[in-house]
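Below, chains carry the letters A, B, ... as their sequence lines are ordered, and counting in each starts from 1.
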Amino acid sequence: MLRTHTAGELRAENEGESVVLAGWVNRRRDHGNLIFVDIRDRYGVTQAVFNPDHSAAAHAVGESLRGEYVVQVKGTVRKRPDDMTNETLDTGAIELLVDEAKVLNPARTPPFTLNDEAPVSEELRLKYRYLDLRRARLQQNMVLRHKVVAFIRRWLDEQNFVEIETPILIKSTPEGARDFLVPSRLHPSRFYALPQSPQQLKQLLMVSGMDRYFQIARCFRDEDLRGDRQPEFTQLDLEMSFVDTEDILALNEQLTIDLVHEVMPEKRFLQTPFPRLSYDEAMARYGSDKPDLRFEMALVDLSEIVAHSTFRVFSGALAEGGVVKLLVGPGLADYSRKQIDELEAIAKDLGAKGLAWAKVDDATTATLSGGISKFLSDEESRAILDASGAEGGDLLLFGADRFETVSAVLGRLRLELGERLGLRDPEVFAYAWILNFPLVEWNEEQARWDAMHHPFTSPQDEDLEKMTSDPGAVRAKAYDLVANGWELAGGSIRIHNREVQRKMFDLLNIDDTHQQTQFGHMLEAFEYGAPPHGGIAWGIDRVVMLYAGEPNIREVIAFPKTAAGTDLMTAAPSHVDEQQLADLHIALAGKAVKR
RNA sequence: GGGGGCGUGGUGUAGCGGUUAACAUACUGGCCUGUCAAGCCAGAGAUCGCGGGUUCGAAUCCCGUCGCUCCCGCCA
């Protein structure tokens, strides 16, 4: 070993010990004679003192040091004088009086500062990711991520789960997200796909009798990126046999609670056991299927109250089968025209035609002012205040449109106001289960029913009849785990009955031929004694993101992609040479031919 | 596929029709024996992302393009 200790572990008790440290030069403070150098590694920072009276040779090396040089220093641990300790440093009670020093490797001046958290453009951070990873923020995030995954593995192992790796090269299925494809050299014109998740494989493992499976699994989806979405990401994938919904919820809830206590002990849960909401309830109250429950500010349905309104925006929306809903901004009646315009811009961005508003002057007399107040009758104003509980000084924001648009707009404005009002406390985790999802949703473009979760999700027993009579009303045995406005996990109890599976495929309009070519292996497997089973998948990246308080998924991934899906460090994706293409029986077409 | 924001010494920003392109920090050299974002002095460092246009004159206005980013669509 080139060192006896790390840069984070020496304390006053080590006084007098002769030690060797190795690390990076974090900072150098050169007083001409005395030189102080902070040695940094991932464990911490230790101050080394170069004194020419003590060692002229070491001092000469100290003079040559620059930021990010890799050094090895040998010396004696010395207690600092009482008035010179550094309280901000774990090692601040001591320093290392250097006897010998050696430059293990010099370093060019880095493209950005590594010894503080000063802002740097995303482009540079990604290009020099190995340097960005040297900084405290990402170091902490990587360690946290490791702790999360390590704890989950240990916990599930204790619960008799078996971690099983599933293939990365699998069969493409056109359902769901776009697949990443891998051409086959041995089989011209054929392609593998990278897994969007190990969904089918884990179900087959249940048929195999593995009973309790999990995997920390890399997943791939060729869709556009977002702040919380990368083309490759990591799931905790989990599946259990002989369980119902309650078993899955209970196990995952306990794992979550134990995990947070272990890795984030300073955070607190808003509520345990986790509250449960139906999908309909979540959409109605919060305009989202992943509501941030750290604050209430529920949406109020005014459709009945304004059913006979003379205000065209309201009557028009209702006439077209839409809804009218209200979001109350508590105490925000002092908002300026400019501030309301900002909110309207958000609304328009999400498809609203505008943003109707009014201010509550006096709740007891039902006096409203500004905005659309003049279009509301006294009776309507009274009823709106009674229904919402809005008080004097509150700002009323109305949404009148299709249910989906109103939900998106008011749901987003609710988050915006919650943020502005400081109601989104980062120290609190508001976990909740969202249940009773619809089994299928109507695809307007294709004029057909699509699986909301996936085609193997079981309908709820009491809704089986509706699969033919009223598909949109069928509830699924599906569940999402949400926290603070993030969807952190989702899963379902699967169909294990051949007849129900056939009804599902019929509903999804997947004909026999297609069933056989796409899912033949699954259907056949289910005929050999498939146990009732179900599971869930966590988005590990999002979990770590929430715990770390990071605003973007890139901050918890060691080597992430840009918003355009490129890797600035290695310059992937890249062109390949003609021979590689020829081996794969691939010819470039159209735009792709030009380089 | 669509919409918004940003791009100026190494880094982060200011400048928004005429400036010697400013500030902080980093960097280089000098001074300095108790600093810990050390201090003081001096210095070097920018064809203002790229291309075109408007103008007597463009970092500044317009068009295109590239890069980064956020959002909508998309994400079983």
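Counting any heavy atom pair closer than 4.0 Å across all strands shown, A:Glu95 reaches a base atom. A:Asp83 comes within contact range of no nucleotide atom at all, as no heavy-atom separation falls under 4.0 Å.
In this structure, of B:C75, B:U69, B:C74, it is B:C74 that holds the atom nearest to the side chain of A:Arg226. Of the candidates B:U69, B:C36, B:U28, B:U28 carries the atom nearest the A:Arg66 side chain, counting heavy atoms from C-beta on. In this structure, of B:G12, B:C70, B:U35, it is B:C70 that holds the atom nearest to the side chain of A:Ala563. When distances run from any side-chain atom of A:Glu122 to the nucleotides B:C72, B:C68, B:G29, the shortest one goes to B:C68. The side chain of A:Arg229 approaches B:C75 more closely than any other nucleotide in the set B:G34, B:C70, B:C75. Distances from the side chain of A:Val120 to the nucleotides B:G12, B:C36, B:U35 place B:G12 closest. Out of B:C68, B:C36, B:G34, the shortest distance to the side chain of A:Arg78 is found at B:G34. For A:Ser121, counting side-chain heavy atoms from C-beta on, the closest listed nucleotide (B:C27, B:C71, B:G12) is B:G12.
Searching all strands for a Watson-Crick or G-U wobble partner of B:U13 with both distances below 3.5 Å returns B:A22. Across all strands shown, B:C6 forms a Watson-Crick or G-U wobble pair, both distances under 3.5 Å, with B:G67. Checking B:U60 for Watson-Crick or G-U wobble geometry (two distances, each under 3.5 Å) identifies no partner in any strand.
Mapping A:Arg29 and A:Met452 onto RNA chain B by nearest heavy atom places A:Arg29 closer to the 5' end of the strand.
The aromatic ring of A:Phe112 does not sit over the base of B:U11; the criterion of centres under 5.5 Å apart with planes under 30° is not met. The ring of A:His31 lies on top of the base of B:A38, close enough and flat enough: under 5.5 Å between centres, under 30° between planes.
When the P atom is compared between B:C72 and B:G12, the two are found 27 Å apart, to the nearest whole Å. Distance noted for atom C1' between B:U55 and B:U8: 22 Å (whole Å). For the P atoms, the distance from B:G57 to B:U19 is 14 Å, rounded to whole Å. Nucleotides B:C6 and B:A44, compared at atom C1', are 29 Å apart to the nearest Å.
If you take CG of A:Leu568 and C1' of B:C68, they are 8 Å apart, rounded to a whole angstrom.
Contact of A:Asp224 with B:G73 (side chain to base): a donor-acceptor pair of N or O atoms is detected under 3.5 Å. Contact of A:Gln47 with B:U35 (side chain to base): a donor-acceptor pair of N or O atoms is detected under 3.5 Å.
Proximity of a side-chain donor or acceptor of A:Asp41 to a complementary backbone N or O of A:Ala7 within less than 3.5 Å is detected.
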